[in-house]
Student: 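Handing you this structure, nothing more for now.
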Amino acid sequence: MSETDSTPVADLTPRKAKLEHKRVAAEVQAANDAYFQEDQPIMDDAAYDAKRRRLVALEEAFPELKEAGGVSAAVGARPSGRFAKIRHRVPMLSLDNAFSDEAVAEFAARVYRFLGRKEEDGGIAFTAEPKIDGLSLSLRYEKGELVAAATRGDGEEGEDVTVNARTISEIPQTLAGPDVPDIAEVRGEVYLGHADFAAINERQREKGLPEFANPRNAAAGSLRQLDASITAARPLRFFAYAWGEMPMLPAATQAGVVEAFGRWGFRTNPLMKRCESVAELVAQYRLIEGQRATLGYDIDGVVYKVDDLALQARLGFVSRAPRWAIAHKFPAELATTVLEAIDIQVGRTGALSPVARLKPVTVGGVVVTNATLHNEDYIRGFDSKGQSIRDGADIRIGDTVTVKRAGDVIPRVEAVDLTKRPADSKPYEFPTRCPVCDSHATRELNPRTGKEDAVRRCTGGLICAAQSVERLKHFVSRDAMDIDGLGDKQIEFFHSDPDLPVLEPADIFTLAQRDAANFKKLKDKEGFGAVSAKKLFDAIEDRRRPPLNRFIFGLGIRHIGETTARLLARNYGTFEALREAGIAAADETSPERQSLDAIDGIGPTVVEALIEFFGEPHNEQLLDRLLGEVQPQPLEAVASVSPVAGKIVVFTGALERMTRDEAKAMAERLGAKVAGSVSSKTDLLVAGPGAGSKLKDAQKHGVEVIDEAGWFDLVGG
Ligand code: IVH
């Protein structure tokens, strides 16, 4: 973020004005591209507006700077989307992906295994339907009246776009039918047809405004308009395919509920089909794939769902995706272009990642300028096992390369055309020093395999500005502390701001106080203003009591993703308890180490990472300072209402109504810890027929023993 000059334009020399105009125009252009091409704003609205105003002021004072079709013509192009938030009462989930027929067969096999069923005993039916490439929307109806519409957001909380949704003719204002429940949250996809998309871009072109890269971005941009009359003028469409809160379901199957949606007044996809086998699913996939080009709207795959809703409920979720559904994605799209440069990015853990800067090329409707090159070996022509790839061809700057883009995955350089290689090109030399802090960059030896790690890492740790910036970005990110108005750009700004530096997480929470004491205020700085500075401080204040799992995840401890963070939060309850365990566990014989090792789902890599993190003196100080500012809150456990919350449960013997996996998932969902063996710490043994040594152990330790029926009595159904 560069400071826009605050010198009045009238005081500028023509030369200075020209230089500033060029710089600001480039910044506005970049912001437009990010917004329209990628649907990924890089600046907040206030900063964007300030830059545009400056551009116009410069052009008014120096008319020779005005260019036909220049970026200043795009004034007013971008909506300033600030919406109220709506918390989803039932989270909006995402889907796992499958990229091959085999992966689909594996998905089905997992479902059968989880439910303890064999195909021979009677098949499980699935539905297959197109995966619409738009944006998902949750519509809440009370007594048949539309009362709220919310975007997906992070799945837990979305944006309130009710006023906009009311302008979409395919979204009914009222639902009709005898089986419409009092509360009905209907979910589906908002999208734009190809012809309408082309017409919108045509109009943008005529007005000299930037064009949207694809229908999805255009649909998102059209829905998220503060001025709903703009939404109304865009022919957005809607397919209903899922639901949130719905206490009374109109049917017992996926297909049945979607059919009811049709009766209530929604459009549902005509290509949805109920299938009895994997072969039928794949056949429906091929059929839909064959019609893809003539459907008139973008789809990026086919979604399969278990049809029986009772089975769906038993299958439940892992992390954020249901076990009962999967998206079978269409194959990736390819394009050829020239690799112009290789940049090295330094990540949160010091990993040096090579990024290909490409001559812009359109891949599947999106302009691609960057692609990953993975790592040093990949560039040299080897895979992670040391086998040669691309017939051993290396990748060089100046090469003509094939770029592959699959769905929302980062594009990658896939192949190189050696016949087009410039005669004077040289093999790329991967840096052995960090391009940011100049520390040595090394490849660690994996102690278990004895092999060199594929990733080269900067050894600078926290002295490396790149690592500390990336850690801060991670800390505030959506799945971690989720601080509104504090994104990547703002972190970069504060990290290098001499007046209000943010060098470690604790500094974020002292921003307001330090700003108050400063002579030069944040509100007077470019890109902020009184309103956005106050909003930022409020948003930070709002996150002083973060959920424990988000806090743990935000610390960016190696190998600790969202799921593991949640598991740790649930097992330890408070951060202090986790921290004590992490310190004590360094002693392999300690009871803390044993209970850490005993947690299902925590392997040796995570244990090592925790010990290393808590053992590092620098982290100790950093945590002390941070915990002086924030108070992580124990997981709002399903807990308090569940009789097994916080209990250690062991299952043994044969179970009849559920498989072992299912039992474990159910217990964990209710806040229990599931252990593999019985000890004095065990609270409950659920024993089925054939229970042996575990039952004896339980008797020895005086552990309560119940059978499967007792389990269901206890947890209620
Ligand atoms: S079902 C619990 N069905 O795909 C499952 N999603 O990758 C909820 N999507 O956020 C999703 N078409 O925006 C489902 N026929 C379809 C879909 C679909 C498009 C989108 C949806 C979701 C994303 C997940």
Side-chain angles (χ1 to χ4, degrees), residues 39 88-99 103-104 107 111 126-139 149-159 161 165 170-171 185-193 214-217 219-220 223-224 236-246 249 253-255 257-259 261-262 266-275 281 284-285 287-289 291-292 295 297-309 311-330 406-409 478:
D39 189 29
H88 300 299
R89 296 184 203 209
V90 176
M92 288 182 84
L93 302 166
S94 54
L95 294 168
D96 281 338
N97 294 323
F99 291 99
V104 175
F107 157 72
V111 167
F126 293 85
T127 56
E129 65 196 285
K131 184 168 190 299
I132 319 295
D133 199 3
L135 62 149
S136 47
L137 189 67
S138 185
L139 303 167
T151 61
R152 177 172 186 277
D154 62 0
E156 308 272 337
E157 204 176 59
E159 285 179 321
V161 291
E170 291 192 352
I171 292 180
E185 274 181 18
V186 176
R187 293 177 174 173
E189 204 83 353
V190 173
Y191 68 99
L192 269 170
N214 54 44
R216 173 162 32 88
N217 291 358
L223 183 67
R224 297 176 68 259
L236 291 169
R237 316 197 63 182
F238 184 79
F239 275 127
Y241 55 67
W243 56 94
E245 194 179 359
M246 184 105 61
L249 284 164
T253 61
Q254 181 75 32
V257 175
V258 172
E259 231 175 82
F261 289 168
F266 288 99
R267 274 180 66 246
T268 58
N269 198 287
L271 289 167
M272 177 166 177
K273 187 179 176 228
R274 189 171 180 279
C275 300
L281 288 177
Q284 185 66 5
Y285 172 90
L287 182 120
I288 293 173
E289 189 181 28
Q291 298 192 13
R292 188 179 180 191
L295 285 178
Y297 51 88
D298 274 357
I299 62 174
D300 57 350
V302 175
V303 184
Y304 307 134
K305 301 172 186 167
V306 169
D307 193 35
D308 183 333
L309 300 185
L311 295 185
Q312 282 191 7
R314 283 178 59 190
L315 284 154
F317 311 93
V318 203
S319 208
R320 291 196 171 177
R323 281 198 193 82
W324 44 264
I326 201 156
H328 188 179
K329 300 298 269 295
F330 293 133
D408 33 18
V409 208
R478 196 145 95 165

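Note: hydrogens, waters and symmetry copies are ignored here, and every other heavy atom, side chains too, is used. Each ligand, and each atom within it, is numbered from 1 in the order the structure gives.
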Student: For Arg274, what residues pass the side chain to side chain donor-acceptor pair (under 3.5 Å) criterion, not counting sequence neighbours?
Tutor: Glu276, Asp307

Student: Are Val104 and Tyr285 side-chain neighbours, meaning at least one heavy-atom pair lies under 4.5 Å?
Tutor: no

Student: Identify the protein heavy atom lying closest to atom 10 (O) of ligand 1, giving its residue, its atom name and the separation to 0.1 Å.
Tutor: Ser136 OG, 3.6 Å

Student: Work out whether the distance between some heavy atom of Pro130 and some atom of ligand 1 is less than 4.0 Å.
Tutor: yes

Student: To the nearest 0.1 Å, how far is atom 12 (N) of ligand 1 from its closest protein heavy atom, and which atom is that?
Tutor: Ile132 N, 3.0 Å

Student: Which heavy atom of the protein is the closest neighbour of atom 20 (C) of ligand 1, given with residue, atom name and distance?
Tutor: Glu189 OE1, 3.5 Å

Student: Give the minimum heavy-atom separation between Thr127 and Gln254, together with the two atoms involved.
Tutor: OG1-CG, 3.8 Å

Student: Would Lys305 count as a contact residue for ligand 1, given that I'm defining contact as a non-hydrogen atom of the residue lying under 4.0 Å from a ligand atom?
Tutor: yes

Student: Flag the pair Lys305 / Glu129 as yes when at least one side-chain heavy-atom distance between them is below 4.5 Å, and no otherwise.
Tutor: yes

Student: How far apart are the C-alpha atoms of Phe266 and Phe239, what are their side-chain angles, what is the distance that settles it, and do they pass the ring pair (Phe, Tyr, Trp, His ring centres under 6.0 Å) test?
Tutor: CA-CA 7 Å; Phe266 288 99; Phe239 275 127; over 10 Å; no

Student: For the CZ atom of Arg323 and the CZ atom of Phe317, what is their distance to the nearest 0.5 Å?
Tutor: 9.5 Å

Student: CG of Asn217 to CG of Asp133: how many Å apart, nearest 0.5 Å?
Tutor: 9.0 Å

Student: Which atoms of ligand 1 have any heavy atom of Pro322 under 4.0 Å away?
Tutor: 2 (C)

Student: Please state which option from Phe239, Tyr191, Tyr241 has its nearest heavy atom closest to atom 11 (C) of ligand 1.
Tutor: Tyr241

Student: Give me the one residue out of Leu271, Ile132, Asn269 that meets side chain to side chain contact (heavy atoms under 4.5 Å, CB included) with Ile299.
Tutor: Ile132

Student: Geometry only, no angles: is Ser94 polar-contacting ligand 1 at N/O separations under 3.5 Å?
Tutor: no

Student: Hey, does Asn97 have a side-chain heavy atom less than 4.5 Å from the side chain of Ile326?
Tutor: no

Student: What part of Glu129, side chain from CB on, backbone N/CA/C/O, both or neither, has a heavy atom under 4.0 Å from ligand 1?
Tutor: side chain

Student: When you look for heavy atoms under 4.0 Å from ligand 1, do you find them on the side chain of Ala325, its backbone, both, or neither?
Tutor: neither

Student: What is the nearest protein non-hydrogen atom to atom 8 (C) of ligand 1, stated with its residue, atom name and distance?
Tutor: Leu93 O, 4.2 Å

Student: If we set the cut-off at 4.0 Å for heavy atoms, which region of Leu95 has an atom near ligand 1: side chain, backbone, both, or neither?
Tutor: both

Student: How does Ala242 reach ligand 1, if at all, at less than 4.0 Å between non-hydrogen atoms: by side chain, backbone, both, or neither?
Tutor: neither

Student: Rounded to the nearest 0.5 Å, what separation is found between the CH2 atom of Trp324 and the CZ atom of Phe107?
Tutor: 9.5 Å

Student: Could you tell me whether ligand 1 has any atom less than 4.0 Å away from a heavy atom of Trp324?
Tutor: yes

Student: Starting from atom 23 (C) of ligand 1, what is the nearest protein heavy atom, named by residue and atom, and what distance separates them?
Tutor: Lys131 NZ, 3.9 Å

